[in-house]
Amino acid sequence: MDKSKLELHILNYFEHSWEGEYYIKSNQKDIEFVKFTAVIDNDRFDMDIAIHLTYNVGHVMLALYSPYWMLNKTGRMLQYKADDIHHKHPLDYNKPLLFSFRPKNFFHKNKVQLRITDSNLSDEFSLDTVASYGCVKCKGMKKEYQVGVKIDTTSFNLTRIATFTPFYLLINHTKYRIEVTEETEENWFWIDSNQCVPFWPDKDCKRFLVRVEGCSASPKKVYFNKQENYALLRLDNKFGGIIVDVHLAEHSTVITFSDYHEGAATFLIINHTSTETIEYHQSCSTEKATELPPGKAMYYTWEDLTGCRTLICKFGNSTEQLMFDSSNGNIYLTSIFEGTQRVVVFTKDEKIFKVTKENEKAELAAQEINLSLQNLGLSLVNNSIRQEVVYIGITSSDIVWETKIKAKSRWKPTSIKQTRELEKVFKDYKDSGPQNNQIVESCHDFQALLTPTGLEMRLLKPYEAALRRSYLPAIKVEYAVSAHQKSLRFQIYRIQIQNQLGGILQSHEFQSLFAKVELFQKDLECIQMELMDDSFTDTSPVSLYEYFHISPIKLHLSFSLSAGGEDPSKEQGKSEVMPLQSVNLLLKSIGATLTDAQDLVFRLACFELNNQFYTAQELQQEVVRHYSKQAIKQLYVLFLGLDVLGNPYGLIRDLSEGVTAFFYEPYQGAIQGPEEFVEGMALGVKALVGGAVGGFAGAASRITGAMAKGVAAITMDEEYQQRRREAMNKQPSGFTEGITRGGRGLVSGFVSGITGIVTKPIEGAQREGAVGFFKGMGKGLVGAIARPTGGIIDMANSTFQGIKRATETSEDAQSLRPPRFIHEDGVIRPYRLREGVGSQMLQKGLC
């Protein structure tokens with residue numbers, strides 16, 4: 001075997017030269033290791049460096065790299081333990097420590113332990129998850145050191161960069177010198193202006209004390225383990241105050257001090273009275289209350305950030321907690337925002353109270369944009385095969401007509417017949433371009449008063465009632481800008497993604513080539529980055545979000561083997577994969593499988609942020625953190641939604657929704673009146689019974705469906721299994737249809753089981769001769785038992801599905817339209833429904 005020896009040297013690593021040897025062979029592995037050695041103070045040290053081989057046309061490229069770069073930005077000695085070997089990382093070594101697991105363990109799931117200063121070794125953690133963040137705890141005698149870990153990848157994708165930082169960082173952006181200590185100790189340390197220092201608190205400590213050099217005020221307490229957004233610390237008259245911000249993240253907690261700016265005070269209190277003196281103080285404060293004379297104003301911030309944040313106000317003979325938009329005797333109290341400053345006004349003038357209370361609602365918009373789209377479709381076409389691949393439809397809701405007899409009664413939907421008639425006359429009325437109100441009549445003896453704006457419409461016959469027409473558009477955008485606020489509302493009703501390839505997904509490979517310019521520039525910037533830059537602080541402007549609401553997201557995934565109208569049992573080629581099989585492969589690792597026509601429904605909860613100061617990055621992190629937690633919960637839902645277990649999550653959900661409606665509906669009715677209370681009781685009982693019966697029926701149908709699928713597999717008859725899947729693919733619309741389908745399935749199972757004893761051997765002989773005859777005989781005998789048994793189970797399954805559907809109000813997702821028909825010339829023309837339906841019927845006939 002030919003070998004060529006390479007002598008390799010690493011210069012000036014830990015101020016020493018490291019030497020290694022590598023032999024080039026004809027049958028080299030893609031990744032190999034070279035052992036480098038160095039003699040330091042008469043001691044021999046070894047280091048493993050990897051070599052990656054890339055075979056190109058005409059040459060082989062060798063890339064020498066370290067699997068991990070360890071960056072120590074803690075300011076303390078670190079030690080890593082892996083493969084029973086300890087690697088020391090000095091606190092003053094600013095370059096990366098080259099780290100690797102032993103070559104024999106390199107391809108295993110390796111983990112490392114960390115030690116900082118005098119602590120014990122931490123629990124094991126992985127270094128292989130790129131773009132992950134976390135915290136490693138190292139327990140010591142007095143302290144529990146918390147170290148933030150951030151794992152990135154280099155620009156050449158072979159080396160991972162593990163950056164270790166203090167979990168708690170103190171940053172001073174003020175013009176003052178600040179002194180900080182833990183609440184339980186008196187070890188004060190200084191933080192100069194524009195300086196970032198690590199903070200290593202005791203394990204039982206939750207608060208720290210802060211004071212400003214030269215300030216006579218007592219030290220202020222701050223929680224460093226709770227989120228704090230731009231809270232103002234009150235100092236003496238010489239300094240005024242400083243702002244503290246505590247930002248919590250997975251890998252760090254950054255405590256930032258900044259100078260006071262306009263609008264940072266908690267309240268601007270205005271005493272708009274001529275005779276009353278207002279006294280106020282924090283409820284947990286022991287200091288003397290502050291007096292505000294008539295006609296004066298004063299800024300106020302909390303005296304103790306760690307105490308109860310309730311303001312006690314005293315005026316005249318009354319002492320009350322601060323409650324906005326209220327009145328007490330002849331004094332009114334209201335609150336408004338002037339920019340980012342909250343203003344509290346005490347006044348005896350009722351007009352001023354009403355103006356300030358309705359200030360934001362009455363403010364006219366200087367610019368307003370409203371966009372409403374009823375339906376929107378996007379068609380993706382593969383030109384090479386002249387076939388539509390995917391159709392994405394954004395659709396609106398159905399039109400709903402509702403009536404309300406009394407002013408305080410509920411809006412009730414009209415009957416299906418009345419809805420059709422009202423919609424018909426309304427469209428005729430709008431098509432005529434109306435300018436005035438008009439009374440319209442229909443042949444079913446009813447009259448309605450319609451208006452051009454759609455407001456204040458009334459039903460005149462057969463009874464008088466208020467009338468309204470409503471629906472949710474596919475896309476709705478509302479944007480308004482006024483002098484003091486901006487409002488944005490974005491709403492999407494439904495997005496449906498439809499596979500148009502007849503139940504087939506084709507896999508394609510994409511390759512991209514790109515050149516790397518300044519290969520290590522980005523990596524060197526990461527190494528040279530200062531600790532303050534590693535804290536991921538956001539310097540973007542701060543905004544006040546008075547009301548920020550994100551509605552729940554509901555994702556409904558429906559898988560069907562006959563989505564495009566073609567028979568999926570036909571031979572399609574090796575490169576094509578059934579969508580159901582693809583999803584099963586993806587979900588196999590977490591123990592979940594999908595049956596035919598299986599539906600998965602994921603719901604992500606809403607959340608609201610009221611009167612909060614956020615930067616753009618912090619707001620984005622809040623949204624991502626919320627939905628990440630919700631998405632993790634959906635994995636638990638997926639685990640609990642297995643058919644074999646009877647979908648216990650669905651059972652619990654239906655029961656909980658029924659119990660909630662049982663109490664909520666009567667309560668809502670009682671607010672409106674006695675008749676509505678009785679109606680609410682009926683709705684609540686119906687929801688409770690429907691949730692209980694539907695939940696148990698749904699769980700039973702999942703179990704019987706899984707059993708029937710297993711029995712069908714025993715027959716070893718692919719055609720029978722395919723016919724059964726197609727029959728069970730469509731859910732019954734109600735209890736009656738469920739019983740009917742179950743009966744047909746039972747009869748079909750007995751008939752096909754008996755006839756299969758004769759037909760299967762004949763079919764097998766026609767295909768494979770004598771061998772096929774005996775195979776068919778085996779299938780016929782097994783099917784004679786398995787098919788009737790499967791028919792009995794399918795009957796129970798259909799019955800339970802019918803009961804489930806009878807208790808539900810939701811509808812199954814329907815196909816938006818057939819696939820687009822593309823002519824032989826390959827030209828994409830406007831969609832024609834007639835051509836799409838004809839093409840789909842022709843494909844079914846050919847199948």
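Basis for what follows: all heavy atoms, side chains included, without hydrogens, waters or symmetry-related copies.
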Peer 1: Would you mind checking if K461 and E441 are paired as a salt bridge, meaning a charged N to carboxylate O distance below 4.0 Å?
Peer 2: no
Peer 1: Backbone N or O of E835 within a donor-acceptor pair of the S839 side chain at under 3.5 Å?
Peer 2: no
Peer 1: Contact between L378 and Y391 at the side-chain level, heavy atoms closer than 4.5 Å - yes or no?
Peer 2: no
Peer 1: Indicate yes or no: at least one non-hydrogen side-chain atom of Y471 is less than 4.5 angstrom from one of D398.
Peer 2: no
Peer 1: What verdict does the side-chain contact (heavy atoms from CB on, under 4.5 Å) test give for L268 and Q341, after you've listed the backbone C-alpha separation in whole Å, the side-chain angles of each residue and the deciding distance to 0.1 Å?
Peer 2: CA-CA 7 Å; L268 171 60; Q341 179 62 64; 4.1 Å; yes
Peer 1: Evaluate I828 against V381 for side-chain contact (heavy atoms from CB on, under 4.5 Å), listing each step before the verdict.
Peer 2: CA-CA 9 Å; I828 307 299; V381 177; 3.8 Å; yes
Peer 1: Nearest 0.5 angstrom please: L472 CG to Q491 CD, how far?
Peer 2: 5.5 Å
Peer 1: Is the closest side-chain heavy-atom distance between V477 and I369 below 4.5 Å?
Peer 2: no
Peer 1: Find the distance between NZ (K424) and CD (E421) and round it off to the nearest 0.5 Å.
Peer 2: 6.0 Å
Peer 1: For E423 and W401, which I'm curious about, is there any donor-acceptor pair between the side chains at under 3.5 Å?
Peer 2: yes
Peer 1: How are the rings of Y429 and F426 set to each other: parallel, tilted or perpendicular (split at 30° and 60°)?
Peer 2: tilted
Peer 1: Between L460 and I439, is a side-chain contact (heavy atoms from CB on, under 4.5 Å) present by the stated rule, with each step listed?
Peer 2: CA-CA 9 Å; L460 304 179; I439 297 178; 4.0 Å; yes
Peer 1: Between N375 and I394, is there a side-chain heavy-atom distance shorter than 4.5 Å?
Peer 2: no
Peer 1: Short question: side chain of E368, backbone of Y479 - any donor-acceptor pair under 3.5 Å?
Peer 2: no
Peer 1: Looking at every heavy atom in both D349 and T347, which two are closest together, and how far apart are they?
Peer 2: N-OG1, 3.0 Å
Peer 1: Counting neighbours of CZ on R420 that are heavy atoms of other residues, nucleotides or ligands and sit closer than 6.0 Å, is the number greater than 12?
Peer 2: no
Peer 1: Kindly indicate whether the side chain of R468, heavy atoms from C-beta on, has any atom under 4.5 Å from the side chain of K404.
Peer 2: no
Peer 1: Identify the heavy atoms of P452 and N437 that sit nearest to each other, and give their distance.
Peer 2: CD-OD1, 3.4 Å
Peer 1: With a 6.0 Å cut-off (strictly less than), is the heavy-atom count around CD of Q438, excluding the residue itself, greater than 12?
Peer 2: yes
Peer 1: May I ask you to test the V343-I270 pair for a side-chain heavy-atom distance under 4.5 Å?
Peer 2: yes
Peer 1: Do side-chain atoms of S396 reach the backbone of Q374 as a donor and acceptor pair under 3.5 angstrom?
Peer 2: yes
Peer 1: Could you walk me through whether L333 and V345 pass the side-chain contact (heavy atoms from CB on, under 4.5 Å) test, one step at a time?
Peer 2: CA-CA 6 Å; L333 171 62; V345 182; over 6 Å; no
Peer 1: For L455, is there any backbone N or O sitting under 3.5 Å from a side-chain donor or acceptor partner on T451?
Peer 2: yes
Peer 1: In Å, rounded to the nearest 0.5 Å, how long is the span from OG1 of T395 to CZ of R494?
Peer 2: 4.5 Å
Peer 1: About how many Å separate OG of S379 and CD1 of I392, when rounded to the nearest 0.5 Å?
Peer 2: 9.5 Å
Peer 1: Rounded to the nearest 0.5 Å, how far apart are OG1 of T414 and CD of E402?
Peer 2: 8.5 Å
Peer 1: Look at the side chain of K348 and the backbone N and O of H272, then say whether any donor-acceptor pair between them is shorter than 3.5 Å.
Peer 2: no
Peer 1: Identify the two heavy atoms, one from Q500 and one from Q387, that lie closest to each other, and give their separation to 0.1 Å.
Peer 2: O-NE2, 4.2 Å
Peer 1: Grab the two heavy atoms, one from I399 and one from R469, that are nearest each other, plus how far apart they are.
Peer 2: CD1-NH2, 3.5 Å
Peer 1: Return the CG to CD distance between L467 and Q418, rounded to the nearest 0.5 Å.
Peer 2: 9.5 Å
Peer 1: Using side-chain heavy atoms (C-beta onward) and a distance below 4.5 Å, is R458 in contact with E456?
Peer 2: no
Peer 1: Is a side-chain donor or acceptor of R820 paired with a backbone partner of R829 at a separation under 3.5 angstrom?
Peer 2: yes
Peer 1: Tell me the closest heavy-atom pair linking S335 and R342, and the distance in Å.
Peer 2: OG-NH1, 2.9 Å
Peer 1: Taking the side chain as every heavy atom from C-beta outward, state whether V481 and S487 have any atom pair closer than 4.5 Å.
Peer 2: no
